[in-house]
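Accompanying notes for the structure given below.
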Amino acid sequence: METIRTFFRDYVAWLSMPSINVIDIIEIIIIAFAVYHIVIWIKDTRAWVLMKGIIVLFLVWVIAMILGMNVLLWIFQNAMVIGITAIVIIFQPEFRNALEQLGRKSFSSISPFEDSKNKTERYSDRSIQGIVKAVYEMAKVKTGALIVVEREIQCREFERTGIPIDAEISSQLLINIFEHNTPLHDGAVILRDNRVVSATCYLPLSDNLELSKDLGTRHRASIGVSEVSDSLTIVVSEETGVVSVAAEGKLTRHVDAEAMTELLRRVSRKSSDSSRRRWWRGAKKHEK
């Protein structure tokens with residue numbers, strides 16, 4: 001009997017419910033609210049990729065602690081301060097944008113129940129048809145175009161370099177934006193959840209040395225933005241009218257309307273696709 005009492009005193013007694021007052025409840029709600037929105041913010045930016053890397057480093061640190069790897073522990077301890085400073089510098093635009101969004105939002109818009117109203121698809125069939133129609137109408141007359149179709153990671157950093165549009169996606173709007181000699185035709189268009197959010201946006205050019213030297217600025221920009229986000233970027237060549245698609249740092253040429261529709265439908269699904277079939281397999285890559 002004494003053994004049982006000792007066990008409960010040493011290992012079970014600490015599970016007893018502590019006393020909670022109103023202030024504690026308010027504090028728990030505030031912390032949960034903050035953590036929820038931090039996770040949502042991380043998920044919608046490039047910081048999500050960074051978080052995966054931090055988790056890997058954390059697991060390495062735990063293993064080093066367990067096995068007593070003193071050299072690795074010394075490296076972690078000395079690199080931590082530099083690493084935190086580097087994170088702040090690298091993601092300064094995302095931090096600033098998060099604070100700006102927090103200041104602009106009303107209480108109802110930052111409610112955790114707001115996301116429950118979201119649809120299960122990012123882009124409706126009408127939006128997909130509008131994108132496909134616009135792309136191949138422009139391809140017929142060799143009108144150059146660069147369209148970024150967002151997925152999970154939002155391209156807020158590049159959106160700010162352009163002119164806000166915030167209009168419903170339609171083929172007429174997209175064709176008019178990229179029409180020659182119009183103020184908005186130069187640069188990229190960013191699409192998000194059935195909306196054209198911004199035009200004339202500047203995108204980062206890819207530094208991949210294996211890319212063909214014949215690729216122009218549009219194609220390098222499409223690959224560049226796909227390397228730093230999970231977006232699908234559509235390119236219409238001004239010289240040849242060829243339609244290309246960039247995703248995950250890879251470029252696929254000669255994409256037809258049927259394949260484009262299927263790609264956009266996959267992008268439209270908000271639920272993660274664990275299989276993630278490599279749709280570019282067998283296509284001609286990096287070809288002008």
Side-chain angles (χ1 to χ4, degrees), residues 119-155 158-159 162 165-180 182 184-201 203 216 218-219 221-223 225-226 229-248 250-271 273 275-285 287-288:
K119 297 180 179 179
T120 57
E121 293 184 339
R122 295 186 184 87
Y123 303 96
S124 64
D125 288 338
R126 180 179 176 182
S127 296
I128 292 174
Q129 292 171 6
I131 296 169
V132 174
K133 181 179 179 181
V135 166
Y136 290 94
E137 286 292 331
M138 290 186 288
K140 287 179 183 177
V141 295
K142 296 183 180 180
T143 298
L146 184 57
I147 303 173
V148 178
V149 184
E150 285 188 353
R151 302 181 70 178
E152 294 287 346
I153 299 177
Q154 297 181 354
C155 301
F158 312 124
E159 176 189 342
I165 302 295
D166 192 24
E168 187 175 339
I169 294 174
S170 68
S171 59
Q172 295 87 346
L173 176 59
L174 292 173
I175 291 173
N176 188 67
I177 288 175
F178 290 107
E179 187 66 32
H180 291 291
T182 57
L184 301 179
H185 84 281
D186 193 19
V189 162
I190 296 178
L191 308 183
R192 179 186 305 135
D193 294 340
N194 293 313
R195 309 288 292 181
V196 180
V197 296
S198 189
T200 70
C201 300
L203 303 180
R218 280 195 182 93
H219 294 83
S222 68
I223 298 171
V225 72
S226 73
S229 71
D230 60 353
S231 63
L232 183 145
T233 307
I234 303 169
V235 188
V236 180
S237 173
E238 193 170 4
E239 290 81 14
T240 63
V242 171
V243 177
S244 307
V245 174
E248 299 182 11
K250 301 185 185 300
L251 182 70
T252 301
R253 306 300 308 277
H254 303 283
V255 179
D256 58 27
E258 184 179 352
M260 179 70 69
T261 302
E262 177 60 25
L263 291 174
L264 292 172
R265 284 177 178 164
R266 292 186 202 172
V267 170
S268 175
R269 303 186 189 112
K270 284 199 172 182
S271 58
D273 183 6
S275 61
R276 289 194 176 183
R277 291 175 290 175
R278 303 261 174 160
W279 49 264
W280 60 83
R281 185 177 298 165
K284 298 178 181 178
K285 301 175 184 176
E287 174 188 346
K288 186 174 179 181

Is a side-chain donor or acceptor of [X] paired with a backbone partner of [Y] at a separation under 3.5 angstrom?
| X | Y | result |
| --- | --- | --- |
| N194 | S124 | yes |
| Y136 | A257 | yes |
| Y123 | L191 | yes |
| E150 | C155 | yes |

Of all residues at least two apart in sequence or in a different chain, which pass the side-chain contact (heavy atoms from CB on, under 4.5 Å) check with [X]?
| X | value |
| --- | --- |
| Q172 | S170 |
| T143 | M138, V141, F178, H180 |
| K142 | none |

Using the rule side chain to side chain contact (heavy atoms under 4.5 Å, CB included), only one of V235, I234, V245, V135 pairs with V255; which is it?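 Output: one option passes, namely V245.
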
Given V189, which of L184, I165, V197, L174 fulfils the side chain to side chain contact (heavy atoms under 4.5 Å, CB included) condition?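 The single option meeting the side chain to side chain contact (heavy atoms under 4.5 Å, CB included) with V189 is L174.
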
Nearest heavy atoms of [X] and [Y], plus distance in Å:
| X | Y | value |
| --- | --- | --- |
| R122 | R151 | NE-O, 3.4 Å |
| A139 | V243 | CB-CG2, 3.8 Å |
| V148 | A188 | CG2-CB, 4.4 Å |
| L173 | A167 | CD2-CB, 3.7 Å |

Show, in sequence, the C-alpha distance, side-chain angles and deciding distance for F158 and V225, and conclude whether the side chain to side chain contact (heavy atoms under 4.5 Å, CB included) test is met. CA-CA 9 Å; F158 312 124; V225 72; 3.9 Å; yes

Residues in side chain to side chain donor-acceptor pair (under 3.5 Å) contact with [X], at least two apart in sequence or another chain:
| X | answer |
| --- | --- |
| R218 | E238 |
| S231 | S229 |
| D166 | R195 |

Side chain to side chain contact (heavy atoms under 4.5 Å, CB included) between E137 and K133: does it pass, once the steps are laid out? CA-CA 6 Å; E137 286 292 331; K133 181 179 179 181; 4.2 Å; yes

Atom [atom1] in [X], atom [atom2] in [Y]: separation rounded to 0.5 Å?
| X | Y | atom1 | atom2 | result |
| --- | --- | --- | --- | --- |
| I175 | T182 | CD1 | OG1 | 12.0 Å |
| I177 | L146 | CD1 | CG | 12.0 Å |
| M260 | S244 | CE | OG | 8.5 Å |
| R126 | I131 | CZ | CD1 | 12.5 Å |
| D193 | S268 | CG | OG | 9.0 Å |

Go through the steps for S237 and H219 under the test side chain to side chain contact (heavy atoms under 4.5 Å, CB included), then give the verdict. CA-CA 8 Å; S237 173; H219 294 83; 4.1 Å; yes

Salt bridge (charged side-chain N to carboxylate O under 4.0 Å, His left out) against E179, all qualifying residues, sequence neighbours excluded: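 With sequence neighbours excluded, E179 shows a salt bridge (charged side-chain N to carboxylate O under 4.0 Å, His left out) to no residue whatsoever.
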
